[in-house]
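Down below is the structure, laid out as structure tokens.
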Amino acid sequence: MDTSRNGTMTVIIPAYNEAENIIIAAETVSNILQNAAIPYKLLFVDDGSSDETWAQIRYASDRFPHVAGLHFSRNFGKEGAIAAGLCNAKTECAAVMDCDLQHPPEKLVEMYRLWQTGIDVIEGIKTDRGKESFLHRFASHGFYRIISKLSDLDLENTSDFKLLDQKVVKIIREMPERNAFFRATTFWVGFRHATVSYEVQERIAGTSKWSGGKLIQYALNNIAAFSSTPMKMVLYLGVFMLIFDFIFGMIAFVQKIMGIALSGFTTIILLQVFIGAVMIISIGTIGFYIARIYTEIQGRPRFIISDSCGEDEDEYTAVG
Ligand code: UDP
Ligand code: MG
């Protein structure tokens, strides 16, 4: 194990309509890392914001040393912003954190120190989920229970707050999948892992960018990204239905022989409805996976960078 690594850390900060938070985030993170004598770069990724976010990032990169920014041609989503950050983080290690400072930046120091001892992936784990509605908490708990079971990765209380060694960044950068789920991918790749727990802070300004519908879509996509069990369940359901049909068939046959057929009309209606529902759900599940195969095959980029600022302004990977 190589003890005492040294090097620069790029902090990737996805930002979507975070105009009020850019300067505070740049200042707070810079101060903490400077005081800890950690060489760093801050890389803001403006995910096609419609407010003043990009102007604020440009301003921050003029005002503070080591601050750079990438601007997307439109909103590609947080996964796209993380991907763009990883594609352009060429330093010895890279961290990802939210722009609203819900991920306490002091923890970056702790993560960096662990990296220095030779750990390759340092995962931020939430000890307290902060202020969330009961429904949100319930749904998110359910989602992590399901995905952890299906994918065999323990993802409860994980987040996108993490630090990765450059060799891990390079591997993730080169993975060809289009529908990535960063949070789980860092577990999936393996390597020497450690965790750092943190309490989710309150957002410094603005509101959460996730609507209920967006969250459901996010959950379904990520389940599909890490498990094909729902498709197998369609097959199991088919077998179950076959056994069910067989039993009912036998009953009907016996009734016919005994001359007491023609009753049980309700049963037939119920069965019709039940089988219909199962068929539609099954086709839908398979269709969902086919849609994902389709987007993977199209191979469109996960992000398009239309503008950049800061050091190495012209050396960015613009699509990826
Ligand atoms: N974000 C992004 N693109 C999006 C939505 C969100 O880059 O389409 C960023 C956002 O600016 C923030 C982080 O992802 O830095 C987490 O978003 P948010 O705080 O809205 O989520 P929450 O903390 O409520 O889960
Ligand atoms: Mg947040």
Side-chain angles (χ1 to χ4, degrees), residues 77-79 129 132-159 175-190 210-300 302:
K78 192 181 178 188
E79 290 289 334
R129 303 189 58 95
E132 268 177 355
S133 69
F134 170 76
L135 199 68
H136 189 129
R137 196 177 296 251
F138 180 76
S140 134
H141 183 68
F143 163 64
Y144 282 109
R145 283 282 296 270
I146 293 172
I147 192 161
S148 300
K149 263 227 143 49
L150 294 183
S151 67
D152 267 343
L153 301 167
D154 182 13
L155 298 174
E156 180 113 49
N157 293 326
T158 56
S159 65
M175 283 169 65
E177 63 188 292
R178 304 284 95 185
N179 286 294
F181 182 32
F182 176 66
R183 197 167 295 189
T185 307
T186 59
F187 284 90
W188 183 87
V189 292
W210 295 94
S211 62
K214 235 176 143 183
L215 273 175
I216 291 172
Q217 210 174 350
Y218 183 72
L220 288 179
N221 266 323
N222 294 334
I223 288 173
F226 271 84
S227 170
S228 54
T229 309
M231 274 218 278
K232 289 180 202 140
M233 269 155 57
V234 170
L235 180 67
Y236 301 149
L237 212 62
V239 174
F240 170 75
M241 296 283 296
L242 195 68
I243 296 169
F244 205 67
D245 285 353
F246 182 74
I247 296 168
F248 267 87
M250 290 299 282
I251 293 172
F253 186 66
V254 171
Q255 281 178 337
K256 174 91 182 158
I257 289 175
M258 293 165 65
I260 50 165
L262 246 187
S263 71
F265 203 61
T266 321
T267 319
I268 290 175
I269 291 172
L270 285 178
L271 270 177
Q272 283 272 10
V273 174
F274 179 63
I275 293 171
V278 169
M279 297 274 264
I280 291 167
I281 292 171
S282 306
I283 294 170
T285 308
I286 295 169
F288 189 74
Y289 279 89
I290 292 177
R292 288 179 51 88
I293 296 170
Y294 181 56
T295 55
E296 290 290 341
I297 285 184
Q298 280 179 312
R300 294 204 181 145
R302 287 162 296 178

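No experiment lies behind these values; they were computed from the predicted model shown.
- The CD1 atom of Ile281 sits 14.5 Å away from atom CZ of Phe288, with the distance rounded to the nearest 0.5 Å.
- Residues Pro230 and Leu150 are in side-chain contact: their nearest non-hydrogen atoms beyond the backbone lie under 4.5 Å apart.
- When every heavy atom of Asn179 is checked against every heavy atom of Ala225, the shortest pair comes out as O-CB, 3.8 Å.
- The environment of Tyr289 atom OH is dense: over 12 non-hydrogen atoms of other residues, nucleotides or ligands sit within 6.0 angstrom.
- Note that CD of Glu79 and CG of Asn221 are 9.5 Å apart. Values are rounded to the nearest 0.5 Å.
- In this structure, Met175 places its CE atom where more than 12 heavy-atom neighbours from other residues, nucleotides or ligands lie under 6.0 Å away.
- Inter-residue side-chain proximity for Phe182 and Lys78 is flagged as unmet; no heavy-atom pair is nearer than 4.5 Å.
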Run the ring pair (Phe, Tyr, Trp, His ring centres under 6.0 Å) check on Phe244 and Phe248 step by step: do they pass?
CA-CA 6 Å; Phe244 205 67; Phe248 267 87; 5.3 Å; yes
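- The shortest side-chain heavy-atom distance between Arg300 and Arg178 does not fall under the 4.5 Å cut-off.
- For Tyr218, the ring-ring contact (aromatic ring centres under 6.0 Å, His included) partners two or more places apart in sequence, or in a different chain, are Phe181, Trp210.
- In this structure Arg183 satisfies the salt bridge (Lys or Arg N to Asp or Glu O under 4.0 Å) test together with Asp160, sequence neighbours excluded.
- For Ser148 (side chain) and Tyr144 (main-chain N/O), a donor-acceptor pair under 3.5 Å exists by modelled atom type.
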